[in-house]
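In what follows, a structure is listed as structure tokens, so that the remarks can point back to it.
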Amino acid sequence: MRIAVSGSIAHDHLMTFPGRFADQLVGDQLHTVSLSFLVDALEVRRGGVGANICFGMGQLGARPILVGAAGEDFEEYRAWLDRHGVDTSAVRISEVLHTARFVCTTDADHNQIGSFYTGAMSEARLIELAAVAARVGDLDLVHIGADDPEAMMRHTEECRTRGIPFAADYSQQLARMDGEDIKNLTEGAAYLFNNEYEKALIETKTGWSAEEVLSKVGTQVTTLGARGVRIDRAGQETIFVGCAEEESKTDPTGVGDAFRAGFLAGLAWGASLERSAQVGCMLATLVIETVGTQEYTLRRGAFMERFTKAYGADAAAEVREHLA
């Protein structure tokens, strides 16, 4: 399968302030706050939903096509993704805006002050999937992840019009959407990705029951945190897949993106839904053990050893041939 992944591309600038924000705030002067914090640590990390998912798929050898918008400051990031098996030829480069950026300062009590600059992400709405398909060949699936809202709407409608199967995965953008937006992004999706809370929110905002949601999509994939994932299809028995055992719980950021990367890679291989979910859960485990969303290394021998321990020799035999 040839899979395109649309979604945000961003840089994360994460700083640490050794004191407490609360000690710097004067109660009766909050209406005129003017503060500067001298930080003692700065980490610049690669991020963005679309880029994170594609990085994971690339690590698994699935060669995904990243669809999104970035600024002229994207070149180093592009080289990184290219080296890790991602096709970045469909990324639109803005002539006037920087790549989206999240800037966050965390104090000693783990309180945070952050800002998100959308920047070039707003130009993702100008990308036409037909042009992407013409350049890389027919698309078998388009994963529509959190991005500029207008871009998400346009990609969804274009997939419907052109008969391209698509996966709906609005995640962080769900909070700002109303029921009609959610319906427009969901109906006809081959796959719908959500966590437990998002599942309930989708049903509340649309007024659809759980059964009605399933009638609108092919497959609903619901992540359950430490309990793994469940996969539902109308009229079919639910599939449950547990998580692989963690060696540590270091940083949960990007775990959901890693699961999607593994699941989509499984689909690209032609694996079953259960096997794809197992690959996703194993990759998510690697990410939770690592600080950062793209800082893990997939060592195939170690990956298969842990995969075998978690899911058995028969499952591992099916996956091994794709990682060889």
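Residue numbers run from 1 in the order of the sequence given.
Looking at Thr106, its side chain never comes within 3.5 Å of a backbone N or O of Gln112 through a donor-acceptor pair. In this structure a side-chain-to-backbone donor-acceptor pair under 3.5 Å is present from Arg160 to Glu187. Within the 3.5 Å criterion, the main-chain N or O of Asn195 finds a donor-acceptor partner in the side chain of Glu198. For Lys183 (side chain) and Trp208 (main-chain N/O), no donor-acceptor pair under 3.5 Å exists by modelled atom type. In this structure, the side chain of Asp73 engages the main chain of Thr99 through a donor-acceptor pair within 3.5 Å. Between the Ser94 side chain and the Val96 main chain, a donor and an acceptor come within less than 3.5 Å of each other.
Val39 and Val291 are members of different hydrophobic clusters when ILVMFWY side chains are connected at heavy-atom separations under 4.5 Å. By the rule that hydrophobic residues join a cluster once side-chain heavy atoms approach within less than 4.5 Å of another member, Leu264 and Met282 end up as members of one cluster.
The aromatic rings of His13 and His11 sit perpendicular, their planes meeting at an angle over 60°, well past the 30° parallel limit. Taking the six-membered ring where the residue is Trp, Phe303 and Phe307 present parallel rings, their angle staying beneath 30° rather than reaching 60°. Ring geometry for His84 against Phe55 counts as tilted: the plane angle lies between 30° and 60°, on a 0 to 90° scale.
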If you apply the rule side-chain contact (heavy atoms from CB on, under 4.5 Å), what do you find for Tyr170 with Asp181, and how did you get there? CA-CA 10 Å; Tyr170 13 79; Asp181 289 338; over 6 Å; no

Could you walk me through whether Ile65 and Val5 pass side-chain contact (heavy atoms from CB on, under 4.5 Å), step by step? CA-CA 6 Å; Ile65 301 147; Val5 177; over 6 Å; no

Go through the steps for Glu128 and Arg135 under the test salt bridge (charged side-chain N to carboxylate O under 4.0 Å, His left out), then give the verdict. CA-CA 11 Å; Glu128 187 175 4; Arg135 187 161 56 247; over 6 Å; no

Candidate pair Lys309 and Glu305, rule salt bridge (charged side-chain N to carboxylate O under 4.0 Å, His left out), full reasoning: CA-CA 6 Å; Lys309 180 180 178 181; Glu305 182 178 344; over 6 Å; no

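Taking a cutoff of 4.0 Å between a charged side-chain nitrogen and a carboxylate oxygen, Arg2 and Asp138 do not qualify as a salt bridge.
Under 3.5 Å, the side chains of Asn52 and Thr293 contain a donor-acceptor pair of N or O atoms. For the residue pair Asp82 / Thr88, a side-chain donor-acceptor distance below 3.5 Å is found, with atom types taken as modelled. At a cut-off of 3.5 Å, with distance as the only test, a side-chain donor of Asp232 or Thr238 sits close to an acceptor on the other residue.
For His143 and Tyr191, the gap between ring centers reaches or exceeds 6.0 Å.
Contact between Ile113 and Phe37 at its shortest, heavy atoms only, is CD1-CE1, 4.2 Å. Nearest heavy-atom pair, Pro18 versus Ala108, reported as atom, atom and distance to 0.1 Å: O-CB, 3.5 Å.
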Donor-acceptor contacts under 3.5 Å from residues 241-248 side chains, at least two apart:
unit_1 : atom_1 : unit_2 : atom_2 : d
Ser248 : OG     : Thr250 : OG1    : 3.1

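Using a 4.5 Å heavy-atom threshold, the side chains of Ile202 and Tyr197 count as separate.
Atoms CD and CG, from Glu212 and Leu214 in turn, are 10.5 Å apart once rounded to the nearest 0.5 Å.
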